[in-house]
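This is a predicted model, so every value here is computed, not measured.
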Amino acid sequence: MATNPPETLAGESEVSDCDYRMLVISSVTIYPLWLLNIAFTAWNIYTYYFLMEVHRGCWHCFLAYYMIVTISVQCLTFLLLVVAIPLVVFRMARAIRIYVTTFFLTIWLELMLSLVLSQEYQAMGDVTRMWEYKHSLTFFEVKYKCCGVLGPGDYIVIGGSPPNSCYKDNSGKSEDLHTKGCSTVSVKPITLSVCVITSLICKIFMLVVLVIYMIFLRRTKTPIRKWSWLHPPVQVEPRD
């Protein structure tokens, strides 16, 4: 049977051109996404740090612990974003494969922490632990207008008297005394800002584009760029 090599070669060339076009498009798309993610991540670090400062009086609360972990994850994400550009510029397909896996895990962890911080929970565990280790309950007493673990009687049992934080506006008047215990209150959740949600969407989009870029790097068998690409040798023409 007769074969038709020219048509086969033309078809292969067409696929190769399409692959190369996708490689260029994906590589160009990564840069604006990278800039957006850098900006959003830096803003998220500032936002969570500000929220942690607001909860400074409750360092022993679960909420504060989760905030510290969230800020750590955001800082790790920021470092990962810094690493991304050299991998793309030097076309390191194998390194990008490892990077994509790590980046996916940080995005997933960031999403889970955001969901945890947006949930309301009972303060009983925090209040009981702080009382047991003799830490001040001022944060809860002022913010949630409560007193002691179960009520003002907790201070009297240990031979003391309710602190000013148990009174309305720290007045110290008996009629302004808060009677409910702090173990009965609920810790209000943190409202997820538009910036946090947009940041997660941009990171997922960048992850998808990185995967596409890696796939077409391998399909086109694009070689890794050498460091000498940054400083190409200067050719000096010989004089006559």
Chemist: Please round to the nearest 0.5 Å and tell me the distance separating atom CG of Leu113 and atom CH2 of Trp108.
Modeler: 9.0 Å
Chemist: Taking the side chain as C-beta and beyond, is there a heavy-atom pair between Arg219 and Met22 under 4.5 Å?
Modeler: no
Chemist: When you look at Thr222 and Leu23, which way does the side chain to side chain contact (heavy atoms under 4.5 Å, CB included) test go after all the steps?
Modeler: CA-CA 10 Å; Thr222 304; Leu23 178 65; 3.4 Å; yes
Chemist: Can you hop from Met67 to Met130 via hydrophobic side chains spaced under 4.5 Å?
Modeler: yes
Chemist: If you round to the nearest 0.5 Å, how far is CG of Asn37 from CD1 of Ile201?
Modeler: 11.5 Å
Chemist: If you round to the nearest 0.5 Å, how far is CD1 of Ile197 from CG of Leu111?
Modeler: 10.5 Å
Chemist: Please check if the number of heavy atoms outside Tyr65 that lie under 6.0 Å from its OH is greater than 12.
Modeler: yes
Chemist: Which atom pair, heavy atoms only, marks the closest approach of His178 to Ser165?
Modeler: CD2-O, 4.1 Å
Chemist: Would you compute the distance between atom CG of Asp19 and atom CD1 of Ile215 and round it to the nearest 0.5 angstrom?
Modeler: 10.5 Å
Chemist: Less than 4.5 Å apart, side chain to side chain, heavy atoms only: is that true for Met214 and Leu210?
Modeler: no
Chemist: Check whether any side-chain heavy atom of Phe62 sits under 4.5 Å from a side-chain heavy atom of Val187, and report yes or no.
Modeler: no
Chemist: Below 4.5 Å, heavy atoms only, C-beta onward: do Ser27 and Phe216 meet side chain to side chain?
Modeler: no
Chemist: Please name the pair of heavy atoms, one in Ser114 and one in Tyr48, separated by the smallest distance, quoted to 0.1 Å.
Modeler: OG-OH, 3.7 Å
Chemist: If every non-hydrogen atom of Gly148 is compared with every non-hydrogen atom of Glu141, which pair is closest and at what distance?
Modeler: N-OE2, 3.1 Å
Chemist: Answer yes if Val157 and Leu177 sit in the same cluster of Ile, Leu, Val, Met, Phe, Trp and Tyr residues linked by side chain heavy atoms under 4.5 Å apart, and no otherwise.
Modeler: no
Chemist: Heavy-atom count check: over 12 atoms from other residues, nucleotides or ligands less than 6.0 Å from Tyr155 OH?
Modeler: yes
Chemist: List the atom pairs, donor and acceptor, that lie under 3.5 Å between side-chain atoms in residues 78-105 and the rest of the protein, sequence neighbours left out.
Modeler:
unit_1 : atom_1 : unit_2 : atom_2 : d
Tyr99  : OH     : Leu80  : O      : 2.7
Thr101 : OG1    : Arg97  : O      : 3.2
Thr102 : OG1    : Ile98  : O      : 3.1

Chemist: Considering residues, nucleotides and ligands other than Trp43, do more than 12 of their heavy atoms fall under 6.0 Å from its CH2?
Modeler: no
Chemist: I'd like to know if Leu109 and Tyr66 are part of one continuous hydrophobic network [Ile/Leu/Val/Met/Phe/Trp/Tyr, side-chain heavy atoms within less than 4.5 Å].
Modeler: yes
Chemist: Evaluate the side-chain proximity of Asp176 to Asp169: yes if any heavy-atom separation is below 4.5 Å, no if none is.
Modeler: no
Chemist: Shortest non-hydrogen contact from Val149 to Leu137?
Modeler: N-CD1, 4.2 Å
Chemist: Find the distance between CD1 (Ile25) and CD1 (Ile30) and round it off to the nearest 0.5 Å.
Modeler: 12.5 Å
Chemist: Do Leu150 and Ile158 sit in one hydrophobic cluster, given that two such residues count as connected whenever their side-chain heavy atoms are within less than 4.5 Å of each other, even indirectly?
Modeler: yes
Chemist: Quick one: do Gln74 and Glu110 satisfy side chain to side chain contact (heavy atoms under 4.5 Å, CB included)? Show the steps, please.
Modeler: CA-CA 8 Å; Gln74 293 287 343; Glu110 183 181 338; 3.0 Å; yes
Chemist: Indicate if Leu33 and Val208 have the same hydrophobic cluster label, given that clusters are the connected sets of ILVMFWY residues with side-chain heavy-atom separations under 4.5 angstrom.
Modeler: yes
Chemist: Tell me, with the steps shown, if Met52 and Thr70 meet side chain to side chain contact (heavy atoms under 4.5 Å, CB included).
Modeler: CA-CA 10 Å; Met52 192 169 65; Thr70 302; over 6 Å; no
Chemist: Which atom names give the shortest non-hydrogen contact between Ser183 and Gln122, and what distance separates them?
Modeler: O-OE1, 4.2 Å
Chemist: Quick one: disulfide (SG to SG under 2.5 Å) pairs with a partner in residues 126-193, sequence neighbours left out?
Modeler: Cys146-Cys182, Cys147-Cys166
Chemist: Considering all heavy atoms of both residues, which atom of Phe40 and which atom of Cys195 are nearest to each other, and what is their separation?
Modeler: CD2-SG, 3.4 Å
Chemist: Within the supplied structure, the quantity of interest is the number of heavy atoms (other residues, nucleotides, ligands) at a distance under 6.0 Å from Met124 CE; does it exceed 12?
Modeler: no
Chemist: Any chance you could lay out the ring-ring contact (aromatic ring centres under 6.0 Å, His included) test for Trp34 and Tyr31, step after step, and finish with the verdict?
Modeler: CA-CA 5 Å; Trp34 178 81; Tyr31 297 108; 8.0 Å; no
Chemist: Between atom CD1 of Ile107 and atom CG of Leu200, what is the distance when rounded to the nearest 0.5 Å?
Modeler: 8.0 Å
Chemist: For atom NZ of Lys180, decide whether the heavy atoms of other residues, nucleotides or ligands shown that lie under 6.0 angstrom number more than 12.
Modeler: yes
